[in-house]
K.L.:
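Sharing a structure below in structure tokens format, with a few things to ask.
Throughout, a chain's letter reflects where its sequence line sits, starting with A, and its residues are numbered from 1. Being a predicted model, the structure only gives us computed values, none of them experimental.
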2 protein chains.
Amino acid sequence: MRASDRAYSALRSEILEWHLAPGTILGEVEQAARLGVSRTPVREALARLSGDGLVESLPGRGVVVAEASADSAAELFEVRIALETQAAALAAQRRDPAVFEGLRDEFAGAASLIADPDRSAYYDLVARFDRAVDDAAANTYLASTLTGLRTHLARLRRVAQDNPQRLAAAAREHLLIVEAILAGDVDLARSATAVHLHNSLATIIDAADSGRFAAPVSTHDPAHQIDRTA
Amino acid sequence: MRASDRAYSALRSEILEWHLAPGTILGEVEQAARLGVSRTPVREALARLSGDGLVESLPGRGVVVAEASADSAAELFEVRIALETQAAALAAQRRDPAVFEGLRDEFAGAASLIADPDRSAYYDLVARFDRAVDDAAANTYLASTLTGLRTHLARLRRVAQDNPQRLAAAAREHLLIVEAILAGDVDLARSATAVHLHNSLATIIDAADSGRFAAPVSTHDPAHQIDRTA
DNA sequence: CTCACCGCCTCTGTATACATTCGTGAGCCT
DNA sequence: AGGCTCACGAATGTATACAGAGGCGGTGAG
């Protein structure tokens with residue numbers, strides 16, 4: 001694997017998992033030393049992250065980790081609802097029934113996945129659902145744009161933890177979307193997706209309002225963290 | 001201006017203007033020599049172009065200019081319609097009337113701009129309209145995504161030349177969108193945008209079907225050296 | 001004590017040298 | 001004659017050296 005890929009992956013997951021807090025300055029030399037590569041791959045990684053919108057390159061201040069707020073979540077969902085509903089509608093027209101029959105059964109039995117304190121199995125199911133919709137929609141622009149948006153979503157979800165009740169409701173909403181796609185019901189696929197995303201956003205806004213938004217998680221060596229309180 | 005910015009701008013316009021045909025291999029050394037910079041800024045430019053989706057980096061074959069077909073135009077518009085309608089709807093809610101009153105008058109008198117064989121004034125008006133909608137929608141994700149999509153559109157428009165009748169119709173469609181936004185009519189703004197984009201795509205598909213899509217490829221013009229004094 | 005100016009110093013931006021990998025072509029073997 | 005293998009070469013990927021610009025701190029003056 002290329003050093004630039006490793007640098008990109010490392011920085012990307014650290015940002016998504018809030019090990020690197022918004023506002024953190026990512027100096028090339030510092031990151032190169034920390035990641036054990038030279039400045040060149042770090043530069044390439046930072047350029048890719050900038051393209052993803054995960055970092056901003058401020059003139060004079062270098063590259064900093066982008067902000068993530070409840071406001072930006074609302075903006076994100078204004079775009080995401082428009083695109084996911086379109087993707088669901090296209091998927092309802094073009095889907096391969098076999099794939100979504102499998103997903104229907106999985107979402108129908110998702111309760112056991114949610115019961116597991118480690119929810120990675122459930123999130124994995126959702127990820128497979130997203131990919132199935134993207135594949136069925138058969139639109140590269142749509143898929144790549146949605147992938148970018150979901151990246152930002154993953155960053156927000158980290159702080160606005162879903163509670164079990166919400167996850168159970170989300171599973172039912174997903175089930176309805178899958179059934180609509182299976183039935184080839186374009187309008188219902190669109191509406192069910194809009195409802196699901198509306199509720200998801202409401203959950204995030206709710207978490208933000210109750211103050212669960214501000215706590216960045218850091219399991220990393222504090223020596224590598226930059227003090228933002230100064 | 002940085003050398004990497006110059007390299008990016010130069011390559012970007014050459015791709016958009018079809019001076020670099022789809023499938024052209026962009027070797028780092030070759031481009032560095034041609035543009036008069038070293039490989040480092042060229043690498044950064046190619047990385048940004050790859051993020052824009054204007055080039056693809058094939059493993060082993062290097063970086064090649066991305067394809068552009070009528071099929072990809074259809075895909076592009078599936079996304080673009082979803083987002084532009086959303087942007088128009090948001091703009092109708094949040095617009096500053098003064099800006100759109102000015103645009104309304106300009107589109108109402110656009111006939112003279114279209115009559116001009118050099119249509120850059122008209123295209124400039126459309127670009128200002130797009131920016132005004134983006135500003136009014138007040139959504140950074142939406143704006144940046146649309147900017148990316150419009151980049152690809154500009155590449156397609158180059159080969160599917162709009163005819164004067166189509167441009168006149170487009171100006172009327174734009175006028176209706178502006179009026180809807182001014183009136184704060186969310187549904188009409190959405191619908192009028194959908195109609196406009198539907199017609200735009202139809203024009204492109206039509207151009208493709210009548211063979212006007214093929215190859216306006218110019219020869220390799222060494223005069224495209226970038227101006228280093230700028 | 002505060003503000004402004006100057007200088008240092010670190011940072012980014014660029015160029016270039018080096019290594020590694022992959023494609024291509026030729027030659028040999030089957 | 002065709003296919004496989006090896007070697008050469010050119011390309012990318014990486015590291016590092018160098019230059020310029022900008023920020024920050026120190027010092028001096030008001």
Side-chain angles (χ1 to χ4, degrees), chain A residues 1-15 20-66 223-230, chain B residues 1-15 20-66 220 224-230:
Chain A
M1 186 188 256
R2 297 181 302 181
S4 61
D5 290 335
R6 279 188 289 122
Y8 173 73
S9 301
L11 288 170
R12 186 175 182 277
S13 12
E14 285 176 344
I15 292 173
L20 290 170
T24 305
I25 295 176
L26 300 176
E28 293 177 7
V29 207
E30 175 198 353
Q31 298 304 319
R34 191 171 67 88
L35 299 172
V37 295
S38 82
R39 279 179 57 211
T40 308
V42 170
R43 281 182 72 80
E44 185 167 328
L46 291 177
R48 287 173 67 184
L49 291 170
S50 178
D52 294 342
L54 289 176
V55 303
E56 274 175 300
S57 118
L58 297 176
R61 288 238 171 115
V63 172
V64 301
V65 178
H224 292 138
Q225 301 294 316
I226 291 186
D227 187 5
R228 299 183 56 229
T229 61
Chain B
M1 187 187 246
R2 297 181 302 181
S4 61
D5 290 334
R6 289 200 311 267
Y8 172 73
S9 301
L11 288 170
R12 185 176 182 278
S13 6
E14 285 177 345
I15 293 173
L20 291 170
T24 306
I25 294 176
L26 301 176
E28 293 177 7
V29 227
E30 175 197 355
Q31 298 305 318
R34 190 172 67 89
L35 299 171
V37 295
S38 81
R39 278 181 56 212
T40 308
V42 169
R43 280 182 72 80
E44 186 167 328
L46 291 177
R48 286 172 68 184
L49 291 169
S50 177
D52 294 342
L54 289 176
V55 303
E56 272 175 303
S57 142
L58 274 68
R61 290 244 168 109
V63 172
V64 301
V65 178
H220 255 293
H224 275 91
Q225 284 270 346
I226 57 180
D227 185 2
R228 305 193 65 190
T229 63

K.L.:
Would you grab the first and last nucleotide of DNA chain D (5' to 3') that comes under 4.0 Å of any non-hydrogen atom in chain A?
P.N.:
dG13(D) to dG23(D)
K.L.:
Please identify each residue that fulfils side-chain hydrogen bond (donor to acceptor under 3.5 Å, both in side chains) with E28(B), with sequence neighbours left out.
P.N.:
R39(B), R43(B)
K.L.:
Please identify each residue that fulfils side-chain contact (heavy atoms from CB on, under 4.5 Å) with T40(B), with sequence neighbours left out.
P.N.:
S38(B)
K.L.:
Treat primed atoms plus P, OP1 and OP2 as sugar-phosphate and everything else as base, then score nucleotides 19-24 of chain C 5' to 3': B for base contact with protein heavy atoms under 4.0 Å, S for sugar-phosphate contact only, - for none.
P.N.:
----S-
K.L.:
Reckon S4(B) has a side-chain N or O less than 4.0 Å from the OP1 or OP2 of dG13(C)?
P.N.:
no
K.L.:
Using whole Å, report how far CG of L46(A) lies from P of dC11(C).
P.N.:
14 Å
K.L.:
Taking the side chain as every heavy atom from C-beta outward, state whether R34(A) and V42(A) have any atom pair closer than 4.5 Å.
P.N.:
no
K.L.:
Could you state the CD-P distance from E56(A) to dT12(C), rounded to the nearest angstrom?
P.N.:
16 Å
K.L.:
Mind checking side-chain contact (heavy atoms from CB on, under 4.5 Å) for A10(A) and listing every partner two or more places apart, or none if nothing turns up?
P.N.:
L35(A)
K.L.:
Which part of the nucleic acid does G27(A) contact within heavy-atom distance under 4.0 Å: base, sugar-phosphate only, or nothing?
P.N.:
sugar-phosphate
K.L.:
Within residues 38-45 of chain B, find the residues that approach DNA chain C with a heavy atom at under 4.0 Å, and present them sorted by residue number.
P.N.:
S38(B), R39(B), T40(B), P41(B)
K.L.:
Can you name the side-chain contact (heavy atoms from CB on, under 4.5 Å) partners of A47(A), sequence neighbours left out?
P.N.:
none
K.L.:
Test: salt bridge (charged side-chain N to carboxylate O under 4.0 Å, His left out). Region: residues 4-13 of chain A. Which pairs qualify, not counting sequence neighbours?
P.N.:
R2(A)-D5(A), D5(A)-R48(A)
